[in-house]
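I have placed the structure first, in the form of structure tokens, so that the comments after it can refer back to it.
In the text below, chain A, chain B and the rest are named by the order of the sequence lines, each starting its count at 1.
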Amino acid sequence: MWEIMSSRSTDAALLVDDQDTGPQGSVVLEARGAGKRYPGVIALDDVSISMRRGEIHALLGENGAGKSTLIGILSGITEPDSGEIIIDATPIKFSNAAQSQSVGITTIHQEQTLAPDLTVLENIFLGRELRRGSLLGRFLLDERAMRKRVEHLVEEFGLTAEDLRRPAGTLGALKQHAAQILKALAFDARVVILDEPTSGLADHERMSLFENMRRLRDRGVAILWVTHRLDELFGLADVITVLRDGRNVATVDPGTQTPDSLVRLMVGRRRSAVADNSSQARGTRWSGPEEEILRLESVSRAPLVRDVDLVVKRGEILGIAGIAGAGRTELARIILGADRADKGQISVNGKQVRIRNPRDAYNLGIAIVPEERKTQAVLGDFSLAKNISISDLSRVTRAGMIIDRSAERKLANVYVRDLEVKTSGIQQKIRNLSGGNQQKVVIARCLFTRPALMIFDEPTQGIDVAAKNEVYRLIYEFVDAGGGAIVISSELPELLRVSDRIVVMREGRVAGEVAAGPAQSEDERSDRAEVIMALAVRSSS
Amino acid sequence: MSFLPNNATVGQRLRAAVTSPNSGVVSVIVLVCIFATIKSSVFISVNNGFNIASQMVFILLLALGMTIVLISGGIDLSVGSVMGLCAGVVAKLMIDGVPMVIAMLLAVAAGAGLGMVNGLIITKLGLPDFVATLAMFGVARGLLYLWTAGTPFLDYMTDTYFVIGGLRRPLGYLTVPIIVALVATLIVAVTLRFTPFGRHLYGVGSNSHGAMLSGVSVPRVRLLAYVCSGLLAGVAGVLLAGQTTAVAPDLGTGYEVYAIAAAIIGGAALSGGRGRAIGAVIGTLTLAVTANAMNIAGVDPTWQQVVTGLILLLSVVLDRASTLLRSRVVQIPIQPVAATTAATAR
């Protein structure tokens with residue numbers, strides 16, 4: 001590894017412009033018959049995929065279809081049990097991430113892989129620092145050469161020279177993505193693997209990301225792109241590979257496909273009707289009194305939430321739209337008591353309240369399904385049962401202090417069954433579940449506290465189509481039983497589908513409100529989407 | 001840490017200085033110095049400065065190693081014991097007639113070796129750093145007790161060793177331990193700031209998974225951090241044996257606490273990813289200056305420990321305050337904080 005690193009650093013030429021000279025369309029990377037077993041699961045079974053220069057290759061599949069395993073194998077993190085990886089017609093074996101990188105594969109993982117305390121420049125070169133040329137200098141970093149190598153790329157990908165010197169942790173999601181792309185480009189990346197790059201980005205940010213992907217493609221880079229959002233694919237992907245249950249079920253030309261046909265490929269014959277049918281699954285609506293559960297009056301917290309008024313009633317789903325940084329999550333944190341409002345009034349069930357911390361919110365019957373499942377919601381080492389009961393242990397304790405574990409199991413089982421969590425048992429550790437099932441457990445935890453109001457922050461982020469429908473069903477059931485829900489989402493179709501009303505936030509303020517609701521025609525729906533986007537991005541006029 | 005543009009105005013620079021890490025600590029030192037100067041005419045004198053410096057060196061060497069380990073996201077509780085054992089190695093070998101230079105090299109190697117054992121236990125066996133180094137803390141101390149059989153090693157001092165220990169000063173105030181500590185600070189500073197290893201330390205401490213995915217060999221970086229810490233403890237042990245002229249079995253007891261305190265006062269974070277060599281100097285200086293000032297002011301030694309603890313607390317609080325102030329000034333986009341994980345889950 002040291003040899004590789006130092007030999008690279010000595011040639012100061014821009015490797016980006018210096019890529020090997022295969023014609024556009026020649027195969028750069030190929031996996032043949034890749035297989036991987038874990039105890040009890042065949043994660044990947046005889047999968048072959050080939051990537052060509054200047055091609056955007058989309059990889060689709062439900063959670064658990066084997067996408068992560070395949071990415072792990074290509075990026076050197078997971079060692080395959082069988083099959084081979086071929087680069088430039090030579091079979092090669094990776095035993096760590098550095099080896100995969102040394103042949104020109106860069107992976108941009110879904111989880112945070114930037115070191116927040118290092119600057120962007122430091123992050124770009126982390127693990128592959130350039131050193132000075134002289135004998136002694138080999139032990140020293142060559143800051144100037146590193147800066148020079150990325151300087152001309154910086155603005156093209158939406159960063160400023162100033163950003164290079166900032167700690168990565170202080171940048172927004174889009175700029176962090178750009179930093180990771182630069183990390184790929186600073187070296188002779190021939191293959192870039194993007195694992196759900198658009199999750200957590202608002203619509204206009206996704207557009208700039210797609211621009212960046214096109215730029216990469218024009219440079220002759222092969223892109224392997226994992227996404228759950230079928231609408232994104234068309235017009236961008238050159239070829240699509242669909243995995244199902246660890247197998248490659250199809251490699252197709254997007255021109256021959258529709259979102260529906262792709263969904264069918266992803267889920268197989270098991271469920272043919274999971275496509276995004278608009279007015280599905282909303283049962284009998286709440287018919288009780290239309291009481292207000294939550295009322296906010298000119299709630300502010302500088303600088304991200306300003307004079308917000310809103311109302312949530314029983315049996316109602318209020319959607320909150322807005323681009324990243326519009327203050328949606330920050331507003332949720334105020335309602336939850338995680339941050340305090342500078343001014344304004346909050347009333348719950350008609351009574352004015354002060355929510356000083358999440359405990360207060362919980363006592364008032366407010367629960368949240370947080371945005372970051374991994375870091376903010378799931379207790380990975382806990383069993384399902386413990387994850388479900390943790391928010392309200394009083395329901396399973398005796399004499400207020402001793403946890404009755406059999407009661408806990410019994411009660412947790414009820415929720416697991418009601419929510420149709422797929423698991424081998426409630427004693428299973430939650431970290432072994434798929435993302436969609438983890439999300440259901442998090443929702444179960446909230447329901448366990450018997451809340452009156454639930455806040456869903458990006459509830460379907462990173463979960464597959466079938467699981468999304470399940471999450472919608474759970475939201476519907478909750479409000480139809482008399483609860484109130486706030487849904488925050490960056491996916492407009494989702495908001496339009498799930499909400500009764502949509503409040504649009506921009507720069508911390510409520511920019512407007514749009515009626516939503518089920519029975520909509522396609523035209524009506526796209527009209528509303530346009531109105532919302534206009535409110536979200538433009539200044540009021 | 002701060003990221004000022006090259007064309008920053010004087011005002012911006014001033015503000016950055018006030019809000020930069022460690023500024024709180026520096027103000028503590030300044031306050032203590034002013035206070036001590038008012039109370040006593042002895043405080044600001046070359047002689048006293050020298051006293052402070054010779055008190056500092058051993059803690060500084062350990063604090064430098066501790067800073068390296070803390071940056072990588074670990075902690076090393078064994079440095080005091082390792083320093084004592086290394087002092088014992090030098091003394092015993094010299095008593096047995098081994099040439100001084102060889103004895104010293106072996107002692108330093110022993111320190112690095114013990115650090116490597118720490119690192120291997122942590123990286124290969126996967127034990128928590130706290131447990132592994134706590135075990136080493138006990139083992140190294142116990143070995144010294146067994147080896148000395150409870151009575152100090154004596155009669156190993158040579159003329160040169162008096163110079164090395166700083167007891168004789170052919171260069172005036174600039175004693176050998178002080179020179180060694182200065183050189184060590186410089187080397188550590190350069191390593192942290194300008195070498196790939198230093199960069200990897202910050203990367204590993206800041207986001208070890210991300211660093212791994214970036215191609216950094218995380219286990220090797222962590223291992224090397226403990227080797228550095230052990231090596232510096234070995235160097236400190238060699239110097240300490242020269243200054244005490246006797247190696248008692250409890251030599252160096254409690255130094256790990258000072259080292260950790262100094263590193264943290266100097267801005268190193270227990271959560272990893274942050275810390276600087278100059279911070280170790282500032283931290284050590286803070287401890288030494290206050291201890292010295294209290295001595296001069298005639299404060300009861302038992303009270304001095306209380307004060308040391310309070311200073312540790314104060315410095316971290318001040319650092320926190322300056323961070324808050326900074327976030328107001330720069331207006332970093334507020335993101336949901338992971339610290340509220342448990343809370344939001346409710």
Side-chain angles (χ1 to χ4, degrees), chain A residues 1 5 75 77 96-98 100-102 107 109 111-119 122-123 125-129 131 139-141 143 162 165-167 169-172 183 303-304 325 329-330 333 336-338 357-359 361-362 367-368 370-372 375-377 379 390-391 442 445 449, chain B residues 1-8 21 71 73 187 190-221 269 271-275 326-328 330-346:
Chain A
M1 190 184 120
M5 282 171 39
S75 54
I77 303 161
N96 59 47
S100 165
Q101 283 169 5
S102 71
T107 308
H109 295 271
E111 68 264 48
Q112 168 70 279
T113 57
L114 295 175
D117 295 314
L118 296 186
T119 66
E122 288 168 349
N123 264 297
F125 289 91
L126 181 62
R128 296 176 288 181
E129 291 79 2
R131 296 134 194 262
F139 297 102
L140 295 176
L141 297 168
E143 203 89 28
E162 211 44 61
R165 309 173 57 183
R166 301 175 70 111
T170 64
L171 299 181
K183 199 168 170 171
L304 280 162
T329 296
E330 290 73 17
R333 286 174 58 84
L336 194 74
N357 52 48
R359 184 89 208 160
Y362 154 75
I368 187 167
E371 182 180 7
E372 296 278 335
T375 55
Q376 299 185 355
L379 304 172
I390 185 73
S391 282
V442 174
R445 171 193 299 166
T449 66
Chain B
M1 287 292 160
S2 62
F3 38 93
L4 281 176
N6 290 329
N7 56 355
I71 290 172
I187 292 175
V190 169
T191 305
L192 289 178
R193 178 73 187 85
F194 296 111
T195 68
F197 171 59
R199 185 64 52 80
H200 291 176
L201 279 170
Y202 287 103
V204 168
S206 185
N207 181 347
S208 69
H209 187 62
M212 187 268 281
L213 294 174
S214 302
V216 175
S217 171
V218 175
R220 198 186 55 198
V221 170
S271 50
R274 288 204 294 143
R326 190 165 21 144
S327 65
R328 287 268 162 91
V330 188
Q331 294 226 339
I332 295 164
I334 296 168
Q335 288 172 337
V337 189
T340 54
T341 302
T344 10
R346 145 144 329 282

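Under a cut-off of 6.0 angstrom, the local environment of CZ in B:Phe197 is crowded, with over 12 non-hydrogen atoms contributed by other residues, nucleotides or ligands.
Considering every non-hydrogen atom in both B:Thr195 and A:Phe139, the closest pair reads CG2-O, 3.1 Å. Between B:Met212 and A:Ala97, the closest heavy-atom pair is O-CB, 3.5 Å. The heavy-atom pair separating B:Ser214 from A:Gln101 by the smallest distance is O-OE1, 2.9 Å.
Neither the backbone nor the side chain of B:Val204 comes within contact range of chain A; no heavy atoms are under 4.5 Å apart. Contacts of A:Leu126 with chain B are made by both backbone and side-chain atoms, with heavy-atom separations under 4.5 Å.
For the atom pair CG of A:Asn123 and OG of B:Ser206, the computed distance is 7.5 Å after rounding to the nearest 0.5 Å. For the atom pair OG1 of A:Thr107 and CG of B:Leu213, the computed distance is 8.0 Å after rounding to the nearest 0.5 Å. Taken from CZ in B:Arg193 to CG in A:Leu140, the straight-line distance is 11.5 Å, to the nearest 0.5 Å.
Residues A:Pro116 and B:Asn207 are in side-chain contact: their nearest non-hydrogen atoms beyond the backbone lie under 4.5 Å apart.
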